[in-house]
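Following: one structure in C-alpha coordinates, then a few remarks.
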Amino acid sequence: MDPQTAVQKNGTEQSLLEQRINRRKFLLFSGTAASAVVIGTACSKDVEVSGNNNNNNNGVDLGSGDFGILNYAYALEQLEAAFYTQVMATPYASMPAMEAEFLKDIRDHEIAHREFFKNALGTNAIKGLEVDFSSIDFTSRASVLGTAKAFEDLGVAAYNGAGKLLKSTDYLLIAGKIVSVEARHAASIRELLAPNSFADLASLASMGADNSKGLDAQMMPKDVLAIAGKYVKTKINANNLPTS
(Lines give C-alpha, C1' and ligand atoms only; values in the text may rest on other atoms or scores of the structure.)
Protein backbone atom coordinates (compact mmCIF):
# COMPACT_ATOMS: atom_id res chain seq x y z
CA MET A 1 0.00 0.00 0.00
CA ASP A 2 1.43 3.38 -1.00
CA PRO A 3 1.78 6.12 1.68
CA GLN A 4 -1.06 8.25 0.30
CA THR A 5 -3.48 5.32 0.30
CA ALA A 6 -2.41 4.40 3.84
CA VAL A 7 -3.07 7.94 5.04
CA GLN A 8 -6.51 7.92 3.41
CA LYS A 9 -7.32 4.53 4.95
CA ASN A 10 -6.23 5.66 8.41
CA GLY A 11 -8.21 8.85 8.04
CA THR A 12 -11.34 6.91 7.09
CA GLU A 13 -10.94 4.54 10.06
CA GLN A 14 -10.41 7.47 12.41
CA SER A 15 -13.51 9.19 11.02
CA LEU A 16 -15.61 6.07 11.55
CA LEU A 17 -14.26 5.74 15.08
CA GLU A 18 -15.14 9.36 15.85
CA GLN A 19 -18.64 8.88 14.41
CA ARG A 20 -19.22 5.86 16.64
CA ILE A 21 -17.96 7.73 19.69
CA ASN A 22 -20.00 10.85 18.91
CA ARG A 23 -23.15 8.81 18.36
CA ARG A 24 -22.70 7.07 21.72
CA LYS A 25 -22.29 10.43 23.42
CA PHE A 26 -25.40 11.80 21.69
CA LEU A 27 -27.41 8.82 22.94
CA LEU A 28 -25.90 9.21 26.40
CA PHE A 29 -26.85 12.86 26.82
CA SER A 30 -30.23 12.65 25.10
CA GLY A 31 -31.12 9.66 27.28
CA THR A 32 -29.97 11.49 30.39
CA ALA A 33 -32.15 14.49 29.60
CA ALA A 34 -35.23 12.35 28.97
CA SER A 35 -34.77 10.39 32.19
CA ALA A 36 -34.35 13.61 34.15
CA VAL A 37 -37.80 14.73 33.01
CA VAL A 38 -39.38 11.42 34.02
CA ILE A 39 -37.79 11.32 37.45
CA GLY A 40 -38.67 14.95 38.10
CA THR A 41 -42.32 14.14 37.44
CA ALA A 42 -42.24 11.07 39.67
CA CYS A 43 -40.65 13.00 42.53
CA SER A 44 -43.53 15.45 42.61
CA LYS A 45 -45.71 12.67 44.06
CA ASP A 46 -45.75 11.84 47.75
CA VAL A 47 -44.42 8.44 48.75
CA GLU A 48 -44.74 7.09 52.27
CA VAL A 49 -41.43 6.59 54.03
CA SER A 50 -40.46 5.60 57.53
CA GLY A 51 -37.22 4.85 59.26
CA ASN A 52 -34.22 6.97 60.12
CA ASN A 53 -31.73 7.66 57.36
CA ASN A 54 -29.14 8.95 59.80
CA ASN A 55 -26.12 6.90 60.75
CA ASN A 56 -26.41 5.14 64.12
CA ASN A 57 -25.22 1.96 65.78
CA ASN A 58 -27.31 -0.07 63.37
CA GLY A 59 -25.78 1.63 60.35
CA VAL A 60 -27.26 3.94 57.73
CA ASP A 61 -30.98 3.14 57.58
CA LEU A 62 -32.24 2.94 54.00
CA GLY A 63 -35.79 3.56 55.20
CA SER A 64 -38.99 1.81 54.15
CA GLY A 65 -41.55 1.86 51.36
CA ASP A 66 -40.63 3.13 47.92
CA PHE A 67 -38.11 5.61 49.29
CA GLY A 68 -36.33 2.72 51.01
CA ILE A 69 -36.00 0.92 47.67
CA LEU A 70 -34.82 4.15 46.03
CA ASN A 71 -32.17 4.53 48.75
CA TYR A 72 -31.15 0.93 48.11
CA ALA A 73 -30.69 1.71 44.41
CA TYR A 74 -28.94 4.96 45.32
CA ALA A 75 -26.44 3.04 47.47
CA LEU A 76 -25.63 0.67 44.59
CA GLU A 77 -25.28 3.53 42.12
CA GLN A 78 -22.91 5.31 44.52
CA LEU A 79 -20.75 2.20 44.55
CA GLU A 80 -20.71 1.82 40.77
CA ALA A 81 -20.11 5.52 40.12
CA ALA A 82 -17.19 5.53 42.56
CA PHE A 83 -15.71 2.44 40.91
CA TYR A 84 -15.79 3.75 37.35
CA THR A 85 -14.59 7.18 38.48
CA GLN A 86 -11.53 5.48 39.95
CA VAL A 87 -11.07 3.37 36.81
CA MET A 88 -10.89 6.48 34.64
CA ALA A 89 -8.75 8.41 37.15
CA THR A 90 -6.14 5.63 37.17
CA PRO A 91 -6.55 3.74 33.86
CA TYR A 92 -4.88 0.37 33.59
CA ALA A 93 -1.76 0.10 31.45
CA SER A 94 -2.19 0.45 27.70
CA MET A 95 -5.97 0.89 27.90
CA PRO A 96 -7.15 0.93 24.25
CA ALA A 97 -8.90 4.10 23.11
CA MET A 98 -12.17 2.31 22.39
CA GLU A 99 -12.18 0.61 25.80
CA ALA A 100 -11.55 3.98 27.41
CA GLU A 101 -14.54 5.45 25.56
CA PHE A 102 -16.80 2.57 26.63
CA LEU A 103 -15.71 2.84 30.27
CA LYS A 104 -16.11 6.63 30.25
CA ASP A 105 -19.64 6.25 28.90
CA ILE A 106 -20.46 3.74 31.63
CA ARG A 107 -18.95 6.05 34.26
CA ASP A 108 -21.12 8.92 33.04
CA HIS A 109 -24.23 6.71 33.08
CA GLU A 110 -23.55 5.61 36.66
CA ILE A 111 -22.95 9.17 37.82
CA ALA A 112 -26.22 10.21 36.14
CA HIS A 113 -28.06 7.36 37.88
CA ARG A 114 -26.56 8.31 41.23
CA GLU A 115 -27.63 11.93 40.86
CA PHE A 116 -31.13 10.94 39.71
CA PHE A 117 -31.73 9.01 42.92
CA LYS A 118 -30.14 11.67 45.09
CA ASN A 119 -32.47 14.29 43.63
CA ALA A 120 -35.49 11.99 43.81
CA LEU A 121 -34.94 11.26 47.50
CA GLY A 122 -34.21 14.85 48.54
CA THR A 123 -34.02 15.05 52.32
CA ASN A 124 -34.72 11.32 52.57
CA ALA A 125 -31.49 10.45 50.77
CA ILE A 126 -28.89 8.53 52.73
CA LYS A 127 -25.47 10.12 53.08
CA GLY A 128 -22.59 9.49 50.73
CA LEU A 129 -21.13 6.04 51.35
CA GLU A 130 -17.47 5.34 52.00
CA VAL A 131 -16.18 2.68 49.62
CA ASP A 132 -13.37 0.16 49.96
CA PHE A 133 -11.67 -0.86 46.73
CA SER A 134 -8.53 -2.25 48.36
CA SER A 135 -9.19 -5.69 46.87
CA ILE A 136 -9.18 -4.32 43.30
CA ASP A 137 -5.97 -3.91 41.30
CA PHE A 138 -6.74 -0.86 39.17
CA THR A 139 -3.49 -1.35 37.23
CA SER A 140 -4.74 -4.70 35.92
CA ARG A 141 -7.19 -4.94 33.02
CA ALA A 142 -8.34 -8.37 34.20
CA SER A 143 -9.01 -7.10 37.72
CA VAL A 144 -10.85 -3.98 36.57
CA LEU A 145 -13.01 -5.65 33.93
CA GLY A 146 -13.64 -8.66 36.17
CA THR A 147 -14.90 -6.36 38.92
CA ALA A 148 -16.93 -4.34 36.40
CA LYS A 149 -18.60 -7.56 35.23
CA ALA A 150 -19.42 -8.53 38.80
CA PHE A 151 -20.87 -5.07 39.56
CA GLU A 152 -22.96 -4.91 36.39
CA ASP A 153 -24.35 -8.44 36.77
CA LEU A 154 -25.16 -7.68 40.41
CA GLY A 155 -26.80 -4.39 39.45
CA VAL A 156 -29.09 -6.05 36.91
CA ALA A 157 -30.06 -8.74 39.42
CA ALA A 158 -30.68 -6.07 42.07
CA TYR A 159 -33.06 -4.00 39.92
CA ASN A 160 -34.88 -7.11 38.71
CA GLY A 161 -35.38 -8.30 42.27
CA ALA A 162 -36.45 -4.93 43.63
CA GLY A 163 -38.93 -4.08 40.88
CA LYS A 164 -41.76 -6.05 42.46
CA LEU A 165 -41.23 -4.20 45.76
CA LEU A 166 -42.04 -0.78 44.28
CA LYS A 167 -45.59 0.52 44.66
CA SER A 168 -45.28 3.64 42.49
CA THR A 169 -45.61 2.96 38.77
CA ASP A 170 -43.56 6.10 38.11
CA TYR A 171 -40.62 4.72 40.06
CA LEU A 172 -41.08 1.30 38.45
CA LEU A 173 -40.83 2.97 35.04
CA ILE A 174 -37.57 4.66 36.07
CA ALA A 175 -36.18 1.38 37.42
CA GLY A 176 -37.02 -0.30 34.12
CA LYS A 177 -35.22 2.40 32.17
CA ILE A 178 -32.14 2.11 34.37
CA VAL A 179 -31.93 -1.69 34.53
CA SER A 180 -32.00 -1.87 30.73
CA VAL A 181 -28.97 0.43 30.66
CA GLU A 182 -27.23 -1.66 33.33
CA ALA A 183 -27.86 -4.73 31.15
CA ARG A 184 -26.21 -2.95 28.21
CA HIS A 185 -23.23 -2.26 30.46
CA ALA A 186 -23.05 -5.90 31.52
CA ALA A 187 -23.15 -7.07 27.90
CA SER A 188 -20.44 -4.59 26.87
CA ILE A 189 -18.11 -5.61 29.68
CA ARG A 190 -18.66 -9.29 28.96
CA GLU A 191 -17.81 -8.71 25.31
CA LEU A 192 -14.57 -6.95 26.26
CA LEU A 193 -13.59 -9.88 28.45
CA ALA A 194 -14.63 -12.67 26.11
CA PRO A 195 -16.00 -12.02 22.60
CA ASN A 196 -19.46 -13.51 21.91
CA SER A 197 -20.21 -13.98 25.62
CA PHE A 198 -22.55 -10.98 25.94
CA ALA A 199 -25.75 -13.08 25.96
CA ASP A 200 -24.51 -15.80 28.34
CA LEU A 201 -27.25 -16.31 30.94
CA ALA A 202 -26.20 -19.81 31.94
CA SER A 203 -23.33 -18.39 34.01
CA LEU A 204 -25.87 -16.39 36.04
CA ALA A 205 -27.97 -19.34 37.18
CA SER A 206 -26.78 -18.90 40.77
CA MET A 207 -28.24 -15.37 40.69
CA GLY A 208 -31.65 -16.55 39.49
CA ALA A 209 -31.23 -16.42 35.71
CA ASP A 210 -33.05 -19.04 33.63
CA ASN A 211 -31.30 -19.53 30.31
CA SER A 212 -33.96 -21.93 28.97
CA LYS A 213 -36.63 -19.24 29.38
CA GLY A 214 -34.45 -16.28 28.48
CA LEU A 215 -34.91 -14.71 31.92
CA ASP A 216 -32.16 -12.64 33.51
CA ALA A 217 -30.91 -12.78 37.09
CA GLN A 218 -32.82 -11.40 40.08
CA MET A 219 -31.79 -11.07 43.71
CA MET A 220 -33.41 -9.62 46.82
CA PRO A 221 -31.84 -6.60 48.56
CA LYS A 222 -30.40 -8.49 51.54
CA ASP A 223 -28.53 -10.87 49.23
CA VAL A 224 -27.27 -8.08 46.98
CA LEU A 225 -26.05 -5.99 49.91
CA ALA A 226 -24.26 -9.01 51.39
CA ILE A 227 -22.15 -9.18 48.20
CA ALA A 228 -21.75 -5.43 47.70
CA GLY A 229 -20.78 -4.99 51.34
CA LYS A 230 -17.27 -6.17 50.53
CA TYR A 231 -16.70 -2.86 48.77
CA VAL A 232 -18.51 -0.54 51.20
CA LYS A 233 -17.04 0.61 54.50
CA THR A 234 -20.23 2.32 55.64
CA LYS A 235 -22.57 -0.03 57.50
CA ILE A 236 -25.96 -0.22 55.77
CA ASN A 237 -29.19 -1.10 57.59
CA ALA A 238 -31.76 -2.58 55.22
CA ASN A 239 -34.03 -4.01 57.93
CA ASN A 240 -36.94 -1.69 57.08
CA LEU A 241 -37.04 -2.43 53.36
CA PRO A 242 -40.17 -4.13 52.03
CA THR A 243 -39.76 -7.84 51.35
CA SER A 244 -42.84 -8.48 49.23
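- For Ser143 (side chain) and Ile136 (main-chain N/O), no donor-acceptor pair under 3.5 Å exists by modelled atom type.
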Side chain to side chain contact (heavy atoms under 4.5 Å, CB included) between Ile236 and Leu129, intermediate numbers included
CA-CA 9 Å; Ile236 297 176; Leu129 302 179; 3.9 Å; yes
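- The side-chain heavy atoms of Asp216 and Leu201, taken from C-beta on, include a pair separated by under 4.5 Å.
- With rounding to the nearest 0.5 angstrom, the CG atom of Asp153 is 6.5 Å from the OG atom of Ser203.
- Side-chain contact between Gln86 and Val131 is absent, with no heavy-atom pair separated by less than 4.5 Å.
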Decide side chain to side chain contact (heavy atoms under 4.5 Å, CB included) for Leu204 and Val156; before the verdict, give the C-alpha distance in whole Å, the side-chain angles of both, and the deciding distance to 0.1 Å.
CA-CA 11 Å; Leu204 297 171; Val156 171; over 6 Å; no
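- Ring geometry for Tyr231 versus Phe151: interplanar angle over 60°, hence perpendicular rather than tilted (30 to 60°).
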Verdict with supporting geometry, Leu103 and Ile189, side chain to side chain contact (heavy atoms under 4.5 Å, CB included):
CA-CA 9 Å; Leu103 292 170; Ile189 296 298; 4.0 Å; yes
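- Linking ILVMFWY residues whenever their side-chain heavy atoms come closer than 4.5 Å, directly or via other members, leaves Met88 and Val181 in distinct clusters.
- Hydrophobic clustering keeps Phe198 apart from Leu193 (ILVMFWY residues linked when any side-chain heavy atoms are closer than 4.5 Å, directly or through intermediates).
- Within a 6.0 Å sphere centred on OH of Tyr92, heavy atoms belonging to other residues, nucleotides or ligands number more than 12.
- Counting only heavy atoms from C-beta outward, the side chains of Val179 and Asn160 approach each other to under 4.5 Å.
- One finds the NZ atom of Lys104 at 4.0 Å from the CD atom of Glu101 (value rounded to the nearest 0.5 Å).
- No side-chain donor-acceptor contact under 3.5 Å links Asp132 to the backbone of Lys233.
- Checking side-chain atoms of Ser197 against main-chain N and O of Arg190 turns up a donor-acceptor pair under 3.5 Å.
- If you take CG on Leu76 and CG on Leu225, they are separated by 6.0 Å, rounding to the nearest 0.5 Å.
- With hydrophobic clusters built from ILVMFWY side chains whose heavy atoms lie under 4.5 angstrom apart, Leu172 shares a cluster with Phe117.
- In plain terms, the two heavy atoms of Lys164 and Gly161 that are nearest each other are CG-O, 3.7 Å.
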Determine whether Thr85 and Ile111 satisfy the following criterion, side chain to side chain contact (heavy atoms under 4.5 Å, CB included), listing intermediate values before the conclusion.
CA-CA 9 Å; Thr85 296; Ile111 290 174; 4.0 Å; yes
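- Contact annotation: the side chain of Val232 never approaches that of Val60 to less than 4.5 Å [non-hydrogen atoms, C-beta and beyond].
- The only option from Glu182, Lys118, Glu115 that meets the side-chain contact (heavy atoms from CB on, under 4.5 Å) definition with Glu77 turns out to be Glu182.
- Cluster membership for Met207 and Leu215, using ILVMFWY side-chain heavy atoms within less than 4.5 angstrom, is not shared.
- For the atom pair Asn211 CG and Asp200 CG, the distance stands at 7.0 Å (nearest 0.5 Å).
- Nearest heavy atoms, Asn237 versus Asn239: OD1-N, 2.9 Å.
- No donor-acceptor pair closer than 3.5 Å links the side chain of Glu80 to the backbone N or O of Glu110.
- Using modelled atom types, one finds no donor on one side chain facing an acceptor on the other under 3.5 Å when comparing Asn71 with Asn124.
- Between Phe133 and Thr147 the shortest side-chain heavy-atom distance does not fall below 4.5 Å.
- Here Glu130 contributes atom CD and Gln78 contributes atom CD; the two are 11.5 Å apart, rounded to the nearest 0.5 Å.
- Note on ring orientation: taking the six-membered ring where Trp is involved, the planes of His109 and His113 are parallel (angle under 30°, cut-offs 30° and 60°).
- Between the Glu191 side chain and the Asn196 main chain, a donor and an acceptor come within less than 3.5 Å of each other.
- The shortest side-chain heavy-atom distance between Tyr159 and Ile178 falls under the 4.5 Å cut-off.
- Of the possible donor and acceptor atoms, one in the side chain of Asp66 sits under 3.5 Å from a partner among the backbone N and O of Ser168.
- Note: the hydrophobic cluster containing Met220 also contains Tyr171 (ILVMFWY, side chain heavy atoms under 4.5 Å, direct or indirect links).
- For the pair Phe67/Tyr74, no side-chain contact is recorded, criterion being any heavy-atom separation below 4.5 Å from C-beta on.
- Going from atom CE of Met219 over to atom OG of Ser206 covers 7.5 Å, rounded to the nearest 0.5 Å.
- Annotation: side chain of Lys222 is not in contact with side chain of Thr243 (no heavy-atom distance under 4.5 Å).
- Atom CZ of Arg184 is surrounded by 12 or fewer heavy atoms from other residues, nucleotides or ligands within 6.0 Å.
- Residues Lys230 and Ser135 share a closest heavy-atom pair of CE-OG, 3.6 Å.
- The two atoms that bring Ala148 and Tyr84 nearest to each other are CB-OH, 3.4 Å, heavy atoms only.
- The two residues Pro242 and Leu165 come nearest to each other via the heavy atoms O-CD1, 3.4 Å.
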